Amino acid sequence: MKRIFTLIATVLAISCQAYAQNSENMENFENMENGKTLVAYFSATGTTERVAEMIASATGGKLYEIEAAEPYTSADLDWNDRSSRSSIEMNDGSSRPAIRGGFENVSEYDVIYLGFPIWWNLAPRIINTFLETYNLDGKTVIPFATSGGSGINNSVNELKKAYPSVNWQSGKLLNRTSETGIREWLQ
Ligand SMILES: Cc1cc2nc3c(=O)[nH]c(=O)nc-3n(C[C@H](O)[C@H](O)[C@H](O)COP(=O)(O)O)c2cc1C
């Protein structure tokens, strides 16, 4: 009789554990659905923005544009001109272009997709401004980028070195991608 009770108690305990695990998984899923995912991006000419919109749509995450307080003109973006604003910023590791407005609730988000165009094989310095404005220590950050051909690894490695307390996930270059490609990557 005692054995039967022990058996029933064990089966019940295992069922409860499985139920709890399942509820936790559902909660994680609902958190993503409820906007605990942030898709923060900087885009000077709209390419990264289109990708960010697709990621937000696929994850149900909140979209946040990291906008420069002083928008970049096409002259600012001329990488052939060594004295253009972008060249000056990228040549100066301590440059931190100001962000327009603010986003107060970053701490509410557990997962942050962080998108940017590759500039000089790096993330634009405004991404450093973002990372230094908000405390992302321990947050899961998934970088993504667009480029004219450069890979994402160098820029992500530099970010990892500069902000080691962030829980960096491997980044993804999303050039010429589609909604389907993004869903496949997210899975
Ligand atoms: C200042 C500047 C520097 C760039 N440096 C690189 C680079 O090093 N490698 C690369 O493949 N593309 C480079 N590009 C091209 C951009 O990464 C690419 O066009 C990107 O998709 C633009 O994204 P956006 O439209 O979101 O700004 C550079 C563009 C600019 C404006």
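What you see is a predicted model, and the numbers here were worked out from it, not measured in a lab. Atoms within each ligand, like the ligands themselves, are counted from 1 in listed order.
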*Based purely on interatomic distance, does P117 place a nitrogen or oxygen under 3.5 Å from a nitrogen or oxygen of ligand 1?*
no

Identify, by atom number and element, the atoms of ligand 1 in contact range of [X], meaning under 4.0 Å from any of its heavy atoms.
X: G149; value: 11 (O)
X: T47; value: 21 (O), 23 (O), 24 (P), 25 (O), 26 (O)
X: S150; value: 7 (C), 8 (O), 9 (N), 10 (C), 11 (O)
X: T48; value: 23 (O), 24 (P), 26 (O)
X: A44; value: 24 (P), 26 (O), 27 (O)

_R96 with E132: basic N within carboxylate O range, under 4.0 Å_ = yes

*Quick one: do E158 and K161 make a salt bridge, cutoff under 4.0 Å?*
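Judged by the 4.0 Å cut-off on N to carboxylate O distance, E158 and K161 do form a salt bridge.
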
Identify the protein heavy atom lying closest to [atom], giving its residue, its atom name and the separation to 0.1 Å.
atom: atom 1 (C) of ligand 1; answer: S86 OG, 3.4 Å
atom: atom 24 (P) of ligand 1; answer: T45 OG1, 3.4 Å
atom: atom 5 (N) of ligand 1; answer: W120 N, 3.0 Å
atom: atom 13 (C) of ligand 1; answer: I118 O, 3.2 Å
atom: atom 31 (C) of ligand 1; answer: L77 O, 3.5 Å
atom: atom 8 (O) of ligand 1; answer: N121 N, 2.9 Å
atom: atom 21 (O) of ligand 1; answer: T146 OG1, 2.7 Å
atom: atom 15 (C) of ligand 1; answer: G148 N, 3.8 Å

So [Y] and [X], do their side chains get closer than 4.5 Å, heavy atoms only?
X: K62; Y: T37; result: no
X: T48; Y: F144; result: yes
X: W119; Y: S155; result: no

Is the closest side-chain donor-acceptor distance between [X] and [Y] under 3.5 Å?
X: S84; Y: S87; answer: yes
X: E179; Y: S57; answer: yes
X: T146; Y: T47; answer: no

*Under 4.0 Å, heavy atoms only, figure out whether ligand 1 is touched by the backbone of W79, its side chain, both or neither.*
side chain

*At under 4.0 Å between heavy atoms, which part of S147 makes contact with ligand 1: side chain, backbone, both or neither?*
both

*When the ring planes of W185 and Y113 are compared, do they come out parallel, tilted or perpendicular, using 30° and 60° as the limits?*
perpendicular

*asked:* Tell me whether the NZ or CZ atom of R125 lies within the 45° cone about the ring axis of W120 and under 6.0 Å from its centre.
replied: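 Not satisfied by the 6.0 Å and 45° rule.
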
_Centroid-centroid under 6.0 Å between F130 and F116 rings_ =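 Centroid separation for F130 and F116: 6.0 Å or greater.
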
_Please tell me if atom 11 (O) of ligand 1 is touched by the protein, where touching means a protein heavy-atom distance below 4.0 Å._
yes

